[in-house]
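We count residues from 1, following the sequence as given. All values below come from the heavy atoms of this structure, side chains included, with hydrogens, waters and symmetry mates left out.
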Amino acid sequence: MASATFLVQANTALSNTHISLSIAQTQALRSQLKTQRGILNANNINQLCTQLNVTNDALLQGLVPLASEFAVAPVSNFHVGAIVKALDESGEVNFYFGANAEFNRQALSLVVHAEQSAINNAWLNGAKKILKIAISDAPCGYCRQFMNELADAREFDILLPEQQFKLADLLPHSFGPTDLGNQYSLFNPAPQARSFNNTEVEQQLAAYALAAYVPYSQNYSAVKITTFNNGDFYGSYAENAAYSPSLSPLQSALSQLFLAGLSFNQHTVKGITLLETAGHENQAGVAQAVLASFVNLPPLELISAPLSE
């Protein structure tokens, strides 16, 4: 079952009130999204707008059904898609796709929501300012709270199939970072000048850990998923003032792997590594719980390293 709004129609043409593609165009776009790990850059967007004779925002909303095709929803069978429209460091508009991910036989609180997935995709890949987020279905309270941690929480537009909102419309009396004395936010982190005191930690994994948004626990942590044939996928820990909507580094990395159209199994995954900050560790249990949904995976490698002062 797909979402209430869009049908997932793999191997068919994408056609809705916003855009209309042929089967060949749709298939090519599906392949492109997997190759580019759920991102369309400014050139891609401009080419599609010209080709289809549509506006940037019409394209944004029209592509949401493709985002929902990346959903992994074995529990609910409810596929939700989201796309973040954001500016990169060059000031160019990119589209960052996202979809929900669920885990069999584990607590429902471990799921990744589509909005989280799209925001995570933008965050990990250098987006600097969110302009809009288009979603296949209305965001739940959990996602509204997650979005309230963003630097642009009061500015960006939330586009639903038939309606448009600001977050304040959907979360009028909010609780956020400043209520806990935190002047920073996701996409506006505190300056980072420290490093890990462990020369054996892979440099890129350390970089993703140091880029984690962890104002409440100080556990700078990240996950690396190594595949046999498709490179590496990284995820960083993103905390939330309400705590529960926080996104674990494994969830972050898994979402990236799913956006590449890959399966999380022993045929794809060669290794999984979790790096945490010594004295602040809190992610091993969550990671093991998520991994328990899968069989025959390589064991989780745990690294705990102190930070320099």
Side-chain angles (χ1 to χ4, degrees), residues 1-3 5-73 78-88 90 92-101 112 114-115 117-122 124-127 131-137 159 161 225 227-234 253-265 267-268:
M1 183 177 73
S3 77
T5 306
F6 295 120
L7 293 177
V8 177
Q9 301 182 52
N11 302 317
T12 60
L14 174 63
S15 182
N16 51 54
T17 58
H18 301 287
I19 60 174
S20 182
L21 281 70
S22 68
I23 293 178
Q25 289 172 320
T26 305
Q27 290 288 60
L29 189 52
R30 285 190 180 104
S31 297
Q32 181 180 21
L33 283 170
K34 292 175 182 178
T35 300
Q36 297 178 190
R37 299 187 176 191
I39 299 173
L40 291 180
N41 61 36
N43 287 335
N44 302 148
I45 294 167
N46 291 336
Q47 288 173 2
L48 283 168
C49 286
T50 299
Q51 179 182 353
L52 302 175
N53 192 29
V54 295
T55 65
N56 189 291
D57 284 348
L59 181 67
L60 175 69
Q61 290 192 274
L63 292 177
V64 171
L66 281 188
S68 69
E69 292 185 10
F70 289 96
V72 178
F78 192 82
H79 297 194
V80 184
I83 307 174
V84 163
K85 175 182 176 179
L87 299 178
D88 62 18
S90 300
E92 295 190 314
V93 169
N94 292 342
F95 288 174
Y96 302 90
F97 287 59
N100 57 316
V112 179
E115 296 90 332
S117 173
I119 292 166
N120 175 68
N121 194 15
L124 291 179
N125 290 289
L131 302 175
K132 299 183 180 184
I133 180 168
I135 317 169
S136 61
D137 300 272
L159 307 181
I225 300 174
T227 70
F228 289 105
N229 300 308
N230 300 96
D232 301 323
F233 294 84
Y234 293 87
L254 269 174
S255 178
Q256 292 287 279
L257 181 138
F258 292 146
L259 288 171
L262 299 178
S263 298
F264 191 60
N265 57 38
H267 305 297
T268 302

As a quick check of understanding, evaluate side chain to side chain contact (heavy atoms under 4.5 Å, CB included) for Leu59 and His18, giving each step before the final call.
CA-CA 7 Å; Leu59 181 67; His18 301 287; over 6 Å; no
Tell me, please, which residues at least two apart from [X] pass side chain to side chain contact (heavy atoms under 4.5 Å, CB included).
X      : answer
Gln32  : Leu29, Gln36, Leu40, Asn44
Ser22  : Ala24, Gln25
Ala134 : Leu60, Gln61, Val64, Leu159
Ala86  : Val84, Tyr96, Ala127, Ile130

Got a sec, which pairs hit salt bridge (charged side-chain N to carboxylate O under 4.0 Å, His left out) with one end in residues 36-46, sequence neighbours left out?
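Qualifying pairs, neighbours excluded: none.
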Salt bridge (charged side-chain N to carboxylate O under 4.0 Å, His left out) pairs, two or more places apart, involving residues 51-67:
Asp57-Lys85, Asp57-Lys132
Residues that [X] engages under side chain to side chain donor-acceptor pair (under 3.5 Å), provided they are two or more places apart:
X      : value
Asn120 : Ser252
Glu115 : none
Thr268 : Asn265

Please determine whether side chain to side chain contact (heavy atoms under 4.5 Å, CB included) holds for the pair Phe264 and Ile225, giving the CA-CA distance in whole Å, both sets of side-chain angles, and the decisive distance to 0.1 Å.
CA-CA 10 Å; Phe264 191 60; Ile225 300 174; 4.0 Å; yes
Examine distances only and state if a side-chain atom of [X] and a backbone atom of [Y] form a donor-acceptor pair shorter than 3.5 Å.
X      : Y      : answer
Asn230 : Leu262 : no
Asn100 : Phe78  : yes
Ser117 : Ala99  : yes

